[in-house]
**Student:** 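My questions will all concern the structure given below.
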Amino acid sequence: MKKNIHPDYHPVVFRNASTGSQFLTRSTATSTVDIEWVDGNRYPLVVVDVTADSHPFWTGGRRIVDSAGQVEKFHRRYGKRGN
């Protein structure tokens, strides 16, 4: 590998903004905020909106799409088209 062309790859703590869950992994992401982890070391903290803890696909909380309601909303907004 060439030297001095790769970003710094280091341990980082990611926190889910909605659930508060945290996990330690390695990343090139940076942050100005540090957090003390359970091992006693300080790591950069990156707050993210969605992780597997809160994503509907992984939690099983998928939203059921009301297709009939969407069609009615479309017809109210744009009117019915005659054939």
Side-chain angles (χ1 to χ4, degrees):
M1 287 194 315
K2 292 183 180 180
K3 294 190 183 277
N4 301 324
I5 64 167
H6 300 284
D8 181 32
Y9 187 66
H10 54 277
V12 176
V13 174
F14 284 94
R15 177 184 293 161
N16 187 318
S18 59
T19 64
S21 62
Q22 302 179 101
F23 59 94
L24 177 65
T25 187
R26 296 182 59 85
S27 176
T28 60
T30 59
S31 175
T32 58
V33 180
D34 287 345
I35 187 170
E36 186 171 340
W37 193 243
V38 294
D39 63 2
N41 294 326
R42 296 193 70 78
Y43 301 105
L45 175 67
V46 177
V47 179
V48 293
D49 294 331
V50 178
T51 64
D53 285 341
S54 64
H55 193 281
F57 180 81
W58 300 109
T59 61
R62 294 184 198 173
R63 188 178 84 173
I64 298 172
V65 177
D66 178 19
S67 61
Q70 294 296 322
V71 171
E72 292 302 319
K73 182 179 175 182
F74 177 84
H75 288 307
R76 279 195 313 270
R77 184 177 291 167
Y78 300 106
K80 286 189 177 183
R81 219 177 233 201
N83 289 339

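Remember, predicted model here, so these are calculated numbers, not experimental data.
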**Student:** Are Val46 and Val33 linked, directly or through intermediate hydrophobic residues, by side-chain heavy-atom contacts shorter than 4.5 Å (ILVMFWY only)?
**Tutor:** no

**Student:** Using side chain to side chain donor-acceptor pair (under 3.5 Å) as the criterion, list what pairs up with Gln22, not counting sequence neighbours.
**Tutor:** Arg15

**Student:** Is the shortest heavy-atom distance from the side chain of Lys2 to the side chain of Asn4 under 4.5 Å?
**Tutor:** no

**Student:** Can you name the nearest heavy-atom pair linking Pro11 to Leu24, along with the distance?
**Tutor:** CB-CD1, 4.1 Å

**Student:** Is the side chain of Ser31 donor-acceptor paired with the backbone N or O of Leu45 at a distance under 3.5 Å, no angle test?
**Tutor:** yes

**Student:** Within a 6.0 Å radius of atom CZ on Arg77, are there more than 12 heavy atoms belonging to other residues, nucleotides or ligands?
**Tutor:** no

**Student:** Rounded to the nearest 0.5 Å, what's the gap from CZ on Phe23 to CH2 on Trp37? Could you check?
**Tutor:** 9.0 Å

**Student:** Which atoms form the tightest heavy-atom contact between Val12 and Ala29, and what is the distance?
**Tutor:** CG2-O, 3.7 Å

**Student:** Could you check whether atom CG of Asp49 has more than 12 heavy atoms from other residues, nucleotides or ligands sitting under 6.0 Å from it?
**Tutor:** no

**Student:** If you look at every heavy atom in Asn16 and Val50, which pair is closest and at what distance?
**Tutor:** ND2-C, 4.3 Å

**Student:** Are side-chain heavy atoms of Phe14 and Thr51 found at a separation under 4.5 Å?
**Tutor:** no

